[in-house]
Amino acid sequence: MPVTLPFDNSYARLPDRFYARVAPTPVRAPKLVKLNRALARKLNLDPDWLESPEGLEMLAGNRIPDGSEPIAMAYAGHQFGQFVPQLGDGRAILLGEVIGRDGVRRDIQLKGSGPTPFSRQGDGRAAIGPVLREYLVSEAMAALGVPTTRSLAAVLTGEVVIRDRFLPGAVLTRVARSHIRIGTFQYFAVRGDFEALQQLADYAIARHYPEVAEADHPYRAFLDAVVKAQAELVPKWLLIGFIHGVLNTDNTSIAGETIDYGPCAFMDTYSPTTVFSSIDYHGRYAYGNQPQIVHWNLVRFAETLLPLLSDDQDKAVAMAQEAIDTYPKLFEAAYHAGLRRKLGLETARDHDLDLIHDLLKAMAENGADFTLTFRNLSEAVADPAADEQVRSLFTDPAAYDAWAPRWRQRLADEPGDPAARRQAMRAANPMFIPRNHRIEAVINAAVDDKDYAPFEELLAVLSRPYENQPAFALYAQPPEPHERVLKTFCGT
Ligand code: AMP
Ligand code: MG
């Protein structure tokens with residue numbers, strides 16, 4: 001029986017040079033690891049069908065459903081600051097787009113689905129480890145309230161992939177508002193293909209920022225909108241301790257979603273210089289560098305739009321500069337508002353930032369756990385007896401003792417009662433983040449013992465990050481020294 005999914009493939013209707021038409025390469029013995037049933041329903045897809053043998057064939061890339069027009073998208077990008085004029089989907093294939101129950105159009109993409117014309121030396125495949133990491137972290141990010149691509153399914157291929165050792169192969173089904181990146185614009189800009197550039201801009205406007213089409217200068221308004229989306233995304237990362245790990249321009253989404261979970265990780269002890277990625281030798285993409293890096297990426301984006309901004313080069317540059325210059329203020333406004341919320345401050349006062357920075361400084365100097373410090377402050381705000389749970393996170397608890405009275409004095413100026421403040425703080429300060437040692441343990445259980453129970457349990461805990469979940473209190477704990485995982489790998 002032919003299978004028809006409600007695909008409507010707008011990107012595949014763009015000109016041929018935007019992509020390569022290529023089908024996934026079938027795999028030997030597909031096995032479903034996980035289906036995200038709630039997400040399937042949100043997408044208007046039938047979870048029971050997706051779990052059926054036919055659905056599994058699609059999720060593994062063994063069967064192309066009617067209505068799908070598989071393509072690998074072309075893009076370029078700056079990788080660690082070096083421009084690469086052609087990257088493209090080397091191990092991912094877009095099956096098509098669906099319109100969800102919320103009316104939003106989303107891409108359904110298989111990642112790890114075999115070689116494409118953009119694979120270069122790569123095998124086009126993915127190992128189970130990175131697939132589980134992406135599944136866990138992207139779903140955790142969604143539950144934490146961060147714009148992100150989602151994970152619809154993970155399947156084992158029944159084949160091995162060769163990395164530093166033999167590993168089980170897997171395919172992730174990734175869902176995104178689109179897979180258009182800054183690097184997609186760079187791909188056409190570097191080729192001097194202004195016709196394609198304009199088509200891409202018009203497409204991205206219609207799909208992601210339809211309101212800017214009405215502006216006096218739609219392309220300038222488009223640039224403003226992308227700058228704003230990124231300036232609001234990065235603070236959300238910082239406020240929960242997320243480190244993307246590979247913030248190349250090809251991993252920066254035009255729709256403003258977090259995309260490409262490679263060597264990403266969450267920080268345990270607070271330190272702005274924290275780096276996990278095994279390939280980030282110079283700390284370019286360290287936790288605290290992310291705001292400047294995304295600013296730099298946006299400059300690269302603005303450069304691609306110059307020919308669309310004005311025929312007059314000087315005027316185009318001035319317009320681009322104006323748009324780029326809005327970033328620091330937008331970023332700071334969102335970041336500072338978020339930091340205030342983390343400390344239970346609804347109103348803004350002159351010296352709030354000193355108060356916040358002094359806490360962060362004390363945390364850095366005393367190896368305090370980022371997530372637990374703020375979560376425990378959410379209890380201390382209503383009950384000074386809970387101070388002990390905060391101060392014990394500092395190597396020298398006196399550092400907290402010196403700071404806490406200033407915080408309490410400031411809180412005295414706030415409206416509302418302590419119980420309401422605690423509720424507001426709990427909603428801004430997660431109890432559960434995907435800690436790196438937990439992800440590692442999940443991956444080891446899957447690879448070494450074919451045991452996916454730890455994956456299921458961690459995933460369930462992370463789906464309610466702001467709730468206490470006393471039965472899972474251990475998942476809130478930072479790693480013991482011997483459990484620490486300091487390096488993460490792209491695993492490509
Ligand atoms: P990433 O580091 O995941 O952003 O990928 C950077 C580029 O390398 C993209 O063009 C990917 O498609 C490509 N790539 C990564 N891993 C593989 C692989 N196993 N096979 C083919 N291409 C890959
Ligand atoms: Mg990428």
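We number each residue from 1, following the sequence as shown. Indexing begins at 1, ligand by ligand and atom by atom, following the structure's order.
The one candidate from Phe222, Tyr327, Trp296 that meets the ring-ring contact (aromatic ring centres under 6.0 Å, His included) condition with Phe301 is Phe222.
The closest side-chain donor-acceptor pair between Thr249 and Gln186 falls under 3.5 angstrom. At a cut-off of 3.5 Å, with distance as the only test, no side-chain donor of Tyr261 or Asn251 sits close to an acceptor on the other residue. In this model, no donor atom of one side chain and acceptor atom of the other lie less than 3.5 Å apart for Tyr11 and Glu69. Side-chain contact check for Asn248 and Tyr285: at least one donor-acceptor pair (N or O, by modelled atom type) lies under 3.5 Å.
Between Glu97 and Arg105 there is a salt bridge, since a side-chain N of the basic residue sits under 4.0 Å from a carboxylate O of the acidic one.
Contacts between Arg163 and ligand 1, counted as non-hydrogen atom pairs separated by less than 4.0 Å, involve the side chain only. The backbone of Arg125, and not its side chain, has at least one atom closer than 4.0 Å to an atom of ligand 1 (non-hydrogen atoms only; backbone = N, CA, C, O). At a 4.0 Å heavy-atom cut-off, ligand 1 touches Asn251 through the side chain alone. With a 4.0 Å cut-off on non-hydrogen atoms, Tyr75 touches ligand 1 through its side chain and not its backbone.
Near Leu87, meaning under 4.0 Å from one of its heavy atoms, ligand 1 places the atoms 10 (O). Ligand-side atoms of ligand 1 in range of Arg120: 7 (C), 8 (O), 9 (C), 10 (O), 13 (C), range being under 4.0 angstrom from any heavy atom. In the vicinity of Gln79, heavy-atom distances shorter than 4.0 Å reach the ligand 1 atoms 6 (C). Near Gly124, the atoms of ligand 1 lying under 4.0 angstrom from a non-hydrogen atom of the residue are 18 (C), 19 (N), 20 (N), 21 (C). Counting the atoms of ligand 1 from 1 in the order shown, those under 4.0 Å from a heavy atom of Asp250 are 4 (O).
When Arg181, Arg91, Gln86, Met73 are ranked by how near their heavy atoms come to atom 23 (C) of ligand 1, first place goes to Arg91. Around atom 11 (C) of ligand 1, the closest heavy atom drawn from Ala74, Gly122, Gly88, Gly114 belongs to Gly88.
Residues Val131 and Val171 are not in side-chain contact: their nearest non-hydrogen atoms beyond the backbone lie 4.5 Å or more apart. Proximity of Ser68 to Leu5: side-chain heavy atoms (C-beta onward) are nowhere separated by under 4.5 Å.
Under 2.8 Å from the Mg ion (ligand 2) lies no N/O/S atom of Asn248, from backbone or side chain alike.
The atom of Asp260 that is an N, O or S and sits closest to the Mg ion (ligand 2) is OD2.
Using a distance-only test at 3.5 Å, with no hydrogens or angles considered, no donor-acceptor pair links the side chain of Asp250 to the main chain of Gly183. At distances below 3.5 Å, at least one donor-acceptor pair connects side-chain atoms of Gln230 with backbone N or O atoms of Ser253.
By the 6.0 Å and 45° rule, Arg21 does not stack over the aromatic ring of Tyr19.
Backbone and side-chain nitrogen or oxygen atoms of Gly90 are examined, and one is located within less than 3.5 angstrom of a nitrogen or oxygen of ligand 1. In terms of polar-atom proximity, defined here as any N/O pair under 3.5 Å, Val246 makes no such contact with ligand 1. Residue-to-ligand polar distances place Asp123 within reach of ligand 1: an N/O pair is separated by less than 3.5 Å.
Not close to ligand 1: Lys111, with no non-hydrogen atom less than 4.0 angstrom away.
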